[in-house]
Amino acid sequence: MSEPFAAFLEPDWPAPPGVRAAFSLRAGGVSRPPWDSLNLGSHVGDDPAAVAENRRRLAAALALPSEPLWLEQVHGTAVVDADACARNGAGRPPRGDAVVASGAGRVCAIQVADCLPVLFAAVDGARIGAAHAGWRGLAAGVLEATVAALGVAPARLMAWLGPAIGPRDFEVGDEVREAFLGRPECHAGDPAVAFCRNPRGRWSCDLYELARQRLERLGVGSIWGGGASTLAEPARFFSHRRGAPTGRHAALIWRAAAVPMEWAATVRM
């Protein structure tokens, strides 16, 4: 009997050899409504046995080299070192909203259901990372903290913006807009262009634009992805804003193997 299918998409970016990444979709799991069906979050009220089976199915579909490092995400800026966690042994999920690694077989994972997942890879494949960039973490500097923790010249990094709530669907108040406009020095452009007044007198917010501006300000050399809306596509995506409780996706990145010597030799600083 064939392995049950777990749905996922692969990032549309030119990842270096040895680096793999994926974003889980909603279909292919065993969770019942309202977490149906491939819910990967153990903190949203779903049956723990269903979550464990969903995680097993995704690991099999992706041929993951190890169990992902699942984080306790708190909408902050703390960055977890997956290599240090592996050396120190298993324990409670570490608290943080980003994770970085260099060891082959380490699987960095971020869970989302409207928030923006951002995956990172050095162009030589030697360092990888993932960040959970909801508006709070994005405004507080989670992308800046992740780039700093990677320890790679930003021009030698590539980033992929995974599915998040789209600008037409993400309605926010003045406090969210002010959180970004109050720090214009963090943006390559004008953060005000990411906000549009809607007919209800509130703001439509473009998380993708805000993230791009932050990454460009840092000097990240290559930015990919963006454009989906998790709220607008219920067949493919969970959305906390569309209705809670709901499931969680995972954005994952890992180094499947050591960087090939012939590839590393072609990468120049």
Cation-pi check, R55 onto W70 ring (under 6.0 Å, within 45° of axis): yes

Trace of the side-chain contact (heavy atoms from CB on, under 4.5 Å) decision for V74 with R95: CA-CA 7 Å; V74 294; R95 176 175 290 193; 3.8 Å; yes

Those residues that, when tested against R127, pass side-chain contact (heavy atoms from CB on, under 4.5 Å) (two or more places apart): D83, V100, S102, A122, L150, V152

Check: P245 and P34 side chains under 4.5 Å, non-hydrogen atoms: yes

E175 and R177: CA distance, side-chain angles, deciding distance, salt bridge (charged side-chain N to carboxylate O under 4.0 Å, His left out) verdict: CA-CA 6 Å; E175 74 285 359; R177 184 172 182 267; over 6 Å; no

Hydrophobic cluster (4.5 angstrom, side-chain heavy atoms) - remaining members for V44: W35

Shortest non-hydrogen separation from A22 to W254 and the atoms involved: N-CZ3, 4.3 Å

N54/N39 under side-chain hydrogen bond (donor to acceptor under 3.5 Å, both in side chains): CA gap, chis, key distance, verdict: CA-CA 7 Å; N54 292 339; N39 167 45; over 6 Å; no

Only distances under 3.5 Å count here; give the side-chain donor-acceptor pairs of residues 191-201 to other protein atoms, sequence neighbours excluded, each with its distance to 0.1 Å.
residue, atom, partner, partner atom, Å
R197, NH1, G201, O, 2.5
N198, OD1, R200, N, 2.9
N198, OD1, G201, N, 3.2
N198, OD1, R202, N, 3.0
N198, ND2, E171, OE1, 2.9
R200, NE, E171, OE1, 2.6
R200, NH2, E171, OE1, 2.6

Partners meeting ring-ring contact (aromatic ring centres under 6.0 Å, His included) with H75 (sequence neighbours left out): H132

D169 and S229 side chains, donor-acceptor separation under 3.5 Å: yes

Contacts of A78 that satisfy side-chain contact (heavy atoms from CB on, under 4.5 Å) - sequence neighbours left out: none

Carboxylate-amine/guanidinium contact R212 E216, below 4.0 Å: no

Side-chain touch L25/L38, heavy atoms, less than 4.5 angstrom: no

Pairs flagged by ring pair (Phe, Tyr, Trp, His ring centres under 6.0 Å) wherever residues 224-246 is involved - sequence neighbours left out: F237-H249, F238-H249

CA sep, side-chain torsions, deciding dist, call: D46, R32, salt bridge (charged side-chain N to carboxylate O under 4.0 Å, His left out): CA-CA 8 Å; D46 194 4; R32 296 180 179 275; over 6 Å; no

